[in-house]
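Read the structure below first, then the notes.
Because the structure is a prediction, the values reported are computed rather than measured.
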Amino acid sequence: MPTSQNPLFLRQRLRDRLRKAREAANLTQRQVAEDLDWSPSKLIRIENGKIGVSVTDVMALLTKYQVNEDDHEALLELARSARQLPWYWPYRSVASPEFQAYLAYEGSASIVRAFERNVMPGLLQTEAYMRALLGGFTQEGGMSGDREEMEARIQLRLERQQRVITPESGQFFFILDEAALRRVIGGDAVMRQQHEQLLAANNMPNVTVMYVPFSAGIYPFFRTPYAVFEFEGSDDDIVAYLETPDGEVLLSERTPSGGKKKQPADYLDAFWKVERSVARELTEESLLL
């Protein structure tokens, strides 16, 4: 099992596999709970992620579902890995539950596509840019907390970069609105260093950075920063993460949505259209202020 896969992501995968095993055995949640002498709600909560599941409970479920030997061992190993603490656990005081889920998907995805409209993506920021950005938020009242909290956020972002953007990781595609390139944060020296980091990242074999010029005008979903995560497993869902005025939002393709609510595939399509119609290659000339 790849070490890059995050325990939170693995817990979701385990829940999905257990639910599918139950359905393949033609058993209802109530039947399983009664046969194992569990409370009626226990299996419901396990499958919807409200509670965790122990290795012992997984063994009981696999026996009940009559899972074959190979899958039995694979699911037990998945259950053991899913119970480990994620690397970002020490930073949980400064990372919302939604952002912790974001980190889990980011570190486990085979393809990450991210759009930013106002600031540099966190994965590509220099430390000087981070300090100017987070310090500015504090002064403007956009972020609560003291300097200790800001330092924790910076260390989280730096460690995230070291763990995620590596030659062995998945593919990363970034599209930035030109506003993110032109907005001076921290002064000219900080911006020059930041632009150099963008170019260096763009030279990595698994990283592509593009931008949309002001001249492109309006384009799909240009108002909302978002990321789309794709995974190698055919059974794994596409997930989208949005930064909205009302907070962070995670969308799953399999989560029912009413009315005209967008799905992850809609954001994937929008990214694809922008990438092929109005986004441009990032070059030294495009970064000149």
Practice task
Let me see the working for Y226 and F221 under side-chain contact (heavy atoms from CB on, under 4.5 Å), right down to the final yes or no.
Solution key: CA-CA 9 Å; Y226 63 89; F221 296 171; 4.0 Å; yes
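- Ion pairing of R160 with E106 is present here, as a side-chain N (NZ or NE/NH1/NH2) and a carboxylate O approach within less than 4.0 Å.
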Practice task
Show your reasoning for whether side-chain contact (heavy atoms from CB on, under 4.5 Å) applies to L78 and R13.
Solution key: CA-CA 8 Å; L78 181 59; R13 176 177 287 179; 4.0 Å; yes
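- Residues E284 and L287 are not in side-chain contact: their nearest non-hydrogen atoms beyond the backbone lie 4.5 Å or more apart.
- Hydrophobic cluster membership differs between W272 and F231, with clusters built from Ile, Leu, Val, Met, Phe, Trp and Tyr side chains linked at under 4.5 angstrom.
- Going from atom CZ of R15 over to atom NZ of K20 covers 13.0 Å, rounded to the nearest 0.5 Å.
- Between the side chains of E47 and Q29, at least one donor N or O lies within less than 3.5 Å of an accepting N or O.
- Looking at D57 and K42, a side-chain N of the basic residue comes within less than 4.0 Å of a carboxylate O on the acidic one, giving a salt bridge.
- In this structure, F222 is a member of the same hydrophobic cluster as V249, with clusters built from ILVMFWY side-chain heavy atoms closer than 4.5 Å.
- Placement of W89 and V94 in two distinct hydrophobic clusters is found when ILVMFWY residues are connected by side-chain heavy-atom separations under 4.5 Å, directly or transitively.
- Using a 4.5 Å heavy-atom cutoff, the side chains of I165 and F172 are in contact.
- Looking at R153 and M130, their side chains never come closer than 4.5 Å, going by heavy atoms from C-beta outward.
- Annotation: side chain of L198 is in contact with side chain of L176 (closest heavy-atom distance under 4.5 Å).
- Residues V228 and I111 have side chains not in contact (no heavy-atom distance under 4.5 Å, counting atoms from C-beta outward).
- The closest side-chain heavy-atom distance from L242 to Y267 is below 4.5 Å.
- Residues D177 and F115 share a closest heavy-atom pair of N-CE1, 4.1 Å.
- Here F173 and F271 keep their ring centres 6.0 angstrom or further from each other.
- Side-chain contact between I175 and E275: present, with at least one pair of heavy atoms (C-beta onward) separated by less than 4.5 Å.
- Judged purely by distance below 3.5 Å, without hydrogens or angles, the side chains of S96 and E248 pair a donor atom with an acceptor atom.
- In this structure, the side chains of L61 and L36 come closer than 4.5 Å at one or more pairs of heavy atoms.
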Practice task
Could you walk me through whether R131 and E151 pass the side-chain contact (heavy atoms from CB on, under 4.5 Å) test, one step at a time?
Solution key: CA-CA 9 Å; R131 292 187 178 280; E151 289 298 327; 2.6 Å; yes
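- Between the side chain of R117 and the backbone N or O of R223, at least one donor-acceptor pair lies under 3.5 Å.
- Looking at N48, its side chain does come within 3.5 Å of a backbone N or O of I44 through a donor-acceptor pair.
- Taking the ring centre of Y65 as origin, the terminal cationic atom of R22 falls outside the region bounded by 6.0 Å and 45° from the ring axis.
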Exercise for the section: Before giving the answer on ring pair (Phe, Tyr, Trp, His ring centres under 6.0 Å), spell out for F229 and Y102 the whole-Å C-alpha distance, their side-chain angles and the decisive distance to 0.1 Å. Expected result: CA-CA 9 Å; F229 306 103; Y102 176 99; 5.2 Å; yes
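- Using a 3.5 Å distance cut-off with no hydrogens or angles, the side chains of E159 and Y88 do not pair a donor with an acceptor.
- At a cut-off of 3.5 Å, with distance as the only test, no side-chain donor of T208 or N202 sits close to an acceptor on the other residue.
- Connection of I218 to F214 is not established within any shared hydrophobic cluster, with ILVMFWY side chains joined at heavy-atom distances below 4.5 Å, either directly or through further cluster members.
- Side-chain atoms of Q100 and R92 form no donor-acceptor pair, as typed in the model, at a separation below 3.5 Å.
- The hydrophobic cluster containing L199 also contains V190, counting ILVMFWY residues as joined when their side-chain heavy atoms lie under 4.5 angstrom apart, directly or transitively.
- With S286 contributing its side chain and L282 its backbone, the two residues share no donor-acceptor pair below 3.5 Å.
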